[in-house]
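One structure below.
By convention in this document, chain letters (A, B, ...) are assigned in the order of the sequence lines, proteins followed by strands, and residues within each chain are numbered from 1.
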There are 2 protein chains.
Amino acid sequence: MTSRRPRSEPGSDNAFGAPSARKRATINDIARLAGVSKKTVSRVINRSPFVKVETRDKVNAIIKELGYRPDPQARGLAFRRSFLIGMIYDNPNPQYVVNVQQGILDAVRDSGLELVVHPCNRASPGFLDQVQAFVEQLKLFGVVLTPSVSEDDDLVAILRDLDCPYVRVASVSLDDAERMIVTHDAAGAAEAARHLADLGHRRVAFISGLPSFRSSHERRRGFAEGLAERGLELKERYVVEGAYTYDSGVACARKLLAMDVPPTAIFTGNDEMAAGVYTAARDAGVSIPGDLSVIGYDDSPMAARLWPPLTSVRLPIRDMGRFAAEKLIVLANAESDTSARHPEVRPGLAVRESTARPR
Amino acid sequence: MTSRRPRSEPGSDNAFGAPSARKRATINDIARLAGVSKKTVSRVINRSPFVKVETRDKVNAIIKELGYRPDPQARGLAFRRSFLIGMIYDNPNPQYVVNVQQGILDAVRDSGLELVVHPCNRASPGFLDQVQAFVEQLKLFGVVLTPSVSEDDDLVAILRDLDCPYVRVASVSLDDAERMIVTHDAAGAAEAARHLADLGHRRVAFISGLPSFRSSHERRRGFAEGLAERGLELKERYVVEGAYTYDSGVACARKLLAMDVPPTAIFTGNDEMAAGVYTAARDAGVSIPGDLSVIGYDDSPMAARLWPPLTSVRLPIRDMGRFAAEKLIVLANAESDTSARHPEVRPGLAVRESTARPR
DNA sequence: CCCAGTATGGAAACCGGTGTCATGATGGGT
DNA sequence: ACCCATCATGACACCGGTTTCCATACTGGG
């Protein structure tokens, strides 16, 4: 033996193993059994109106009998488009991510669409190239973007360029209405503000998230507006910049609690930072809600487990995912049905025991 | 944002008489420009050894120059298999799900494989049919199963039948070693047991998860074994059956704390139930860790935010996902490389302030 | 220098669908 | 009765890859 190489080219000189054995019915089988051409079967599958009812029923009967389902890959190849929805996210909140995924899948149930996930990091080099490769390679049916990538205009420009339908989930409208799921963060923050004002708080503080997140500004703005509605003002000295992390929540709360005239209530940009406020308050001997009321944002599972249970702004995250996918389907089908419902996402306040009247 | 990419602008000079900037290059373009047949290009792509080095380099140069990437749909159609990995899960813990997803994607980075997620509900009618349709329809490259679906032998039988490679993540080995990521829940629970025993606890209790979850039994077994190592016994009366939920944690802890001789330490099947223990303890005026030590399982993000911070068994979840995908690739490629590393998942204990010596 | 044997490359079929266009059947208007 | 618009259907090329099968170039031994 001079060489270990087989003398003739083996069947699978590819990198991946052998395919499976059993055969599923194809469109040709259906056509043959129904006594029509494959094109007609294709028409039936795609609900073309140019098929006689009689023919359609016959074909459908055979399809049902054989349990035939068209091959998405072959269909996609011919359509120059896949039946995959991409979810691109960089949100560090697992609960958020999983619920949006669930919502998207709620919307596409039985439609033959599936969900491909693509976590990413906006700060990493080559981020845009990777996302472009992802979308272009898979010829995605459409893409759902969640914060904060949903705020990235360069990314959106790429999607436009690729002619890939997309829907953005964001705190405020950044695009055409049919491409947006707006979470109205300002409204949620305003509700928190009114709740505190109505309890009688006058000195209220805000711990913001990272300024690179649109939501940070929206929540601050809404909070200030909600206070203004009640004749109160969000004082500059009571606004501290956090980073959406627990540690930053601790640090910011320390600063606030160490002031000569500390606030009697703190609203934080998310629940993680609110948990940080709890820790700082405990360390400073400040009791919640006796000495300090706290409101978070997200109503994460943790909120109800903290002590005292945390009042927090709640979002219908799963619904948001569902709405996003529904809009995506409308976009991808180029349905110009402007009568389509435009369900609005409205944040609400989950009131728990971390808020009370000030002493 | 950061980098502006040189995507072919309308006016930019195109080195070649490149078709429209829109169209992506196909294998035919590569073949033509390289002066070879498409089959040769195909060989290069699939790393066939039957190509002259010279030819291969030339083809690769053109591929690189045009930024050509083969179309997964067309390739999949010919291969009778897609390049999608499915993740099937019914785990309600978002952190778990997201981290496994991340881990899988860590493993397939740059391999051209993508991840399709499929949450499901084992209790719903048609569950098996839906999963089968999912796998069969997409001709999945492979599937990763996490608890508790990973414990479903009917599901596994279907995957076998479909010749779909799969890897199961589970608390204990249920299959061939090359198809399993074992999380050794018993070992994690044993570590919790030893920790409590070493602190001096004698009356220790266990709140189990649902008996339909394998992990419930494993954690109980391991806990008992860990205690036995220290000459202690897990008394039947100190074992209560919960349901992996916060509410069940509260209820079970109430029962335990109301006993004539209550335990001085409680180990729970997950962190959610541990949070329930906190609530019950607070209601009963029992202080943690003064009167009661508590250990959870999962080390969820919440664990460190509770007060006192919860000692919990930690799993390298993201690594588990990565290992699973790596094994899947080995399986799918039918690599009989038995020398492949078999990294073991070992749970560890994140010791925090919820555990202390008993009074 | 001839020939067998092995590398290497190519034409054509194929994977399972869809698009384009032609054709036959139908039916209303004049 | 005839014409043309419309409906219903099919033949065939095509999407972008891989595989089958064969032709050719190259190699070394006798």
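With rounding to whole Å, Ile30(B) atom CD1 is found 18 Å from dG10(C) atom C1'. Atom C1' of nucleotide dC21(D) and atom CZ of Phe50(B) are separated by 15 Å, given to the nearest angstrom. Atom CZ in Arg56(B) sits roughly 16 Å away from atom P in dA7(C) (whole-Å rounding). Distance CZ (Arg80(A)) to P (dT18(C)): 12 Å, rounded to an integer number of Å. Rounded to an integer number of Å, the gap from CD of Gln73(A) to C1' of dG16(C) is 10 Å. One interatomic measurement links the two molecules: CD of Glu54(A) to C1' of dT26(C), which rounds to 14 Å at whole-angstrom precision. Put simply, CG on Leu138(B) is 16 Å from P on dG16(C), counting in whole angstrom units. As rounded to whole Å, 23 Å separates atom P of dG16(C) from atom CZ of Arg81(A).
Among the nucleotides dT9(D), dT18(D), dT18(C), the one closest to the side chain of Ile27(A) is dT18(C). Nearest nucleotide to the side chain of Thr55(A), out of dG17(C), dT9(D), dT18(D): dT9(D). For Pro70(A), the listed nucleotide lying nearest its side chain is dG17(C); candidates were dG19(C), dG17(C), dG17(D). In the set dT9(D), dG9(C), dG17(D), dG9(C) carries the atom at the smallest distance from any side-chain atom of Lys52(B).
You won't find any donor-acceptor pair under 3.5 Å spanning the side chain of Lys38(A) and the base of dG10(D), going by distance alone. Scanning atom types as modelled, one donor and one acceptor separated by under 3.5 angstrom connect the side chain of Arg43(A) and the base of dG10(D).
Closest heavy-atom contact between Asp152(A) and Phe127(A): OD2-CE2, 3.6 Å.
Nucleic acid contact class of Val41(B) (heavy atoms, under 4.0 Å, all strands): none. Here Pro72(A) lies out of heavy-atom contact (under 4.0 Å) with every strand. Residue Lys39(A) is classed as a base contact, given a heavy-atom separation below 4.0 Å to a base.
Between dG17(C) and Ser42(A), no contact under 4.0 Å exists linking OP1 or OP2 to a side-chain N or O. Under 4.0 angstrom from either OP1 or OP2 of dA11(D) there lies no side-chain N or O belonging to Ser37(A). For dT18(D), the OP1/OP2 oxygens have a side-chain nitrogen or oxygen of Arg75(B) closer than 4.0 Å. Phosphate contact (OP1/OP2 of dG10(C), side-chain N/O of Thr40(B), threshold under 4.0 Å): present. Between dG17(C) and Asn28(A), no contact under 4.0 Å exists linking OP1 or OP2 to a side-chain N or O.
Of the inter-residue distances, the one linking Asp29(B) atom CG with Ile62(B) atom CD1 reads 10.5 Å to the nearest 0.5 angstrom.
Considering only heavy atoms from C-beta on, Phe323(B) comes within 4.5 Å of Ile181(B) through its side chain.
Asp175(B) has a carboxylate O that lies under 4.0 Å from a charged side-chain N of Arg160(B), or vice versa, which qualifies the two as a salt bridge.
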### Message
Set out, in order, the CA-CA distance, both residues' side-chain angles and the distance that settles side-chain hydrogen bond (donor to acceptor under 3.5 Å, both in side chains) for Arg322(A) and Asn99(A), then state yes or no.
### Response
CA-CA 10 Å; Arg322(A) 182 160 55 80; Asn99(A) 275 293; over 6 Å; no
#### Entry: Full working for side-chain hydrogen bond (donor to acceptor under 3.5 Å, both in side chains) between Asp90(B) and Ser148(B)
CA-CA 6 Å; Asp90(B) 62 346; Ser148(B) 67; 2.9 Å; yes
